[in-house]
Protein chains: 2
Amino acid sequence: MTTDTTSRRGELLRIAARLFAEKGFKNTTVRDIADAAGILSGSLYHHFDSKESMVDEILSSFQDELFGRYDEVLSSDADARAKIDAAVRISFETIDSHGHEVAIFQNDADYLGGFDRFGYLAERNVQSRQVWMTLLTEGIESGALRRDLDIELVYRFIRDTVWVAVRWYRPGGELSHHDVADQYLTILLDGIAAG
Amino acid sequence: MTTDTTSRRGELLRIAARLFAEKGFKNTTVRDIADAAGILSGSLYHHFDSKESMVDEILSSFQDELFGRYDEVLSSDADARAKIDAAVRISFETIDSHGHEVAIFQNDADYLGGFDRFGYLAERNVQSRQVWMTLLTEGIESGALRRDLDIELVYRFIRDTVWVAVRWYRPGGELSHHDVADQYLTILLDGIAAG
DNA sequence: CACCCTACCAAGCACTTGCTTGGTAGGGCT
DNA sequence: AGCCCTACCAAGCAAGTGCTTGGTAGGGTG
């Protein structure tokens with residue numbers, strides 16, 4: 001046999017991530033994961049402490065990567081509109097490259113947040129809000145964005161719309177993540193009304 | 001005792017709907033529902049065939065009501081923009097008045113759709129798409145909406161954004177559903193960019 | 001009074017769940 | 001050859017799951 005030992009663990013995590021994304025964390029059993037990997041459920045515990053620690057590893061490494069990219073945008077010296085543009089594009093790129101992780105976060109963060117070990121999920125939410133509020137405030141003060149909107153609502157609008165696309169976006173489909181981001185930014189910035 | 005016999009069933013359904021919305025269908029046990037109602041789990045089966053039939057009843061009656069309202073808008077003689085406006089407002093009103101049902105549909109439709117008895121969920125999705133594509137096509141042809149957008153994408157953005165608000169909107173909070181709809185329609189139609 | 005009906009209880013069954021335990025195959029290293 | 005290490009198997013346990021069964025309290029109706 002000799003499956004590459006260094007990657008077997010990662011392979012199991014990828015399999016688990018796919019199932020968690022498709023069926024939800026609670027609704028995915030360790031036997032589901034083991035079946036998909038061609039082993040028995042008990043054998044998973046040679047690699048991982050628990051089902052929770054699997055999803056923990058999946059989500060935490062994903063979040064670290066994502067917020068690293070946000071930080072790059074925040075600290076860049078582009079103008080407000082360009083930064084908002086960049087932050088939106090990061091989201092759609094992430095849905096393209098890490099769709100499973102995004103789906104798990106979207107669907108199961110509420111449930112997982114109830115456990116101590118997933119406290120960082122709530123922290124990341126706060127952090128995400130700060131990123132966007134900074135960008136939007138910058139946009140309004142620089143005159144790039146209109147002043148007559150509720151900034152809190154605009155934030156929620158963007159956050160929800162951007163991430164919920166994971167429900168229908170499929171990598172390799174007709175529309176690339178660039179296409180989707182282009183269209184979304186057009187709607188967000190200029191609206192769907194004529195003239 | 002003598003709890004009003006005609007409403008006891010409905011009361012149990014309301015309790016179940018709240019729990020399904022808060023914790024998800026699969027993650028809500030019949031013991032959770034019974035506890036919240038102050039009875040034993042087995043006693044639920046005097047009123048309902050199964051846990052599935054509870055959520056079935058909750059969702060189907062809700063869907064009937066919702067699509068009845070869409071039909072009214074479609075068959076009205078208002079202009080395209082007014083119809084889109086009305087359809088969006090229906091959604092936020094529904095989130096206000098039937099938040100639990102909307103949440104269940106948003107979170108568990110995928111899972112429930114796997115069972116035969118919930119085939120109407122997929123049908124309703126098709127129907128919803130038709131409603132919106134009709135409205136958007138009408139809007140473009142009448143000149144109310146711009147022609148340079150992917151209509152399929154516009155539909156998805158509207159659908160997702162409108163319903164995902166159930167995640168944060170709370171009836172009786174600072175913002176009424178009218179406020180939210182106003183702001184949302186402004187963003188959707190005219191965008192967030194200045195002048 | 002006798003009877004019925006609604007709403008419930010008490011107990012438990014069959015199954016699924018996450019996880020544990022003791023053991024094994026087989027490649028690599030000395 | 002002897003040994004270790006990684007990856008896995010085989011079996012099963014305790015808790016939790018949806019649901020069933022036989023029974024009961026108590027108000028309403030004839």
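Keep in mind that the numbers below use all heavy atoms, side chains included, and drop hydrogens, waters and symmetry copies. Within every chain, numbering begins at 1; the chains are lettered A, B, ... in the order of the sequence lines, protein sequences first and strands thereafter.
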Legend entry - Pair D56(A), Y120(A): side-chain N/O donor-acceptor within cut-off below 3.5 Å: yes
Legend entry - Separation of dG22(C) C1' from H46(A) NE2 (nearest whole Å): 15 Å
Inset, instruction - Give a yes/no verdict on a cation-pi contact between K51(B) and F25(B), requiring under 6.0 Å between NZ or CZ and the six-membered ring centre and an angle within 45° of the axis. - result: yes
Legend entry - Connected-component partners of V164(B) among ILVMFWY, side-chain separation under 4.5 Å: V164(A)
Inset, instruction - Would you indicate, yes or no, if dA7(D) has its OP1 or OP2 atom less than 4.0 angstrom from a side-chain nitrogen or oxygen of S43(A)? - result: no
Legend entry - Side-chain donor-acceptor contact under 3.5 Å, S61(B) with D64(B): no
Inset, instruction - Ignoring hydrogens and angles, state whether a donor on the side chain of Y169(A) or D96(A) is under 3.5 Å from an acceptor on the partner side chain. - result: yes
Legend entry - d(CG, L40(B); C1', dA10(C)) in whole Å: 8 Å
Inset, instruction - Respond yes when some side-chain nitrogen or oxygen of H47(B) is under 4.0 Å from OP1 or OP2 of dC8(C), and no when none is. - result: yes
Inset, instruction - Can you tell me the distance, in whole Å, between the CD1 atom of I33(A) and the C1' atom of dA7(D)? - result: 17 Å
Inset, instruction - Whole angstrom is fine here: how far is it from CZ in R9(B) over to C1' in dC8(C)? - result: 16 Å
Legend entry - Length of the line joining L13(A):CG and dA7(D):P, which is rounded to integer Å: 13 Å
Legend entry - Rounded distance in Å - CZ (F48(A)) to C1' (dC8(D)): 14 Å
Inset, instruction - Answer yes or no: does a side-chain N or O of R8(B) lie under 4.0 Å from OP1 or OP2 of dC8(C)? - result: yes
Identify each donor-acceptor pair in which a side-chain atom of residues 77-84 of chain B lies under 3.5 Å from a protein atom, sequence neighbours left out, and give them as a table.
residue : atom : partner : partner atom : Å
D79(B)  : OD1  : R81(B)  : N            : 3.4
D79(B)  : OD1  : A82(B)  : N            : 2.8
K83(B)  : NZ   : L74(B)  : O            : 3.3
K83(B)  : NZ   : S76(B)  : O            : 3.4
K83(B)  : NZ   : E138(B) : OE2          : 3.2

Between the protein and nucleotides 15-19 of chain C, are there any N/O to N/O pairs under 3.5 Å, and if so, what are the atom names and distances?
residue : atom : partner : partner atom : Å
dG18(C) : OP1  : T28(A)  : O            : 3.3
dG18(C) : OP1  : K51(A)  : NZ           : 2.7
dG18(C) : OP2  : V30(A)  : N            : 2.9
dG18(C) : N7   : R31(A)  : NH1          : 3.0
dG18(C) : O6   : R31(A)  : NH2          : 3.0
dC19(C) : OP2  : Y45(A)  : OH           : 2.7
dC19(C) : OP2  : K51(A)  : N            : 2.8
dC19(C) : O5'  : Y45(A)  : OH           : 3.4
dC19(C) : N4   : S41(A)  : OG           : 3.3

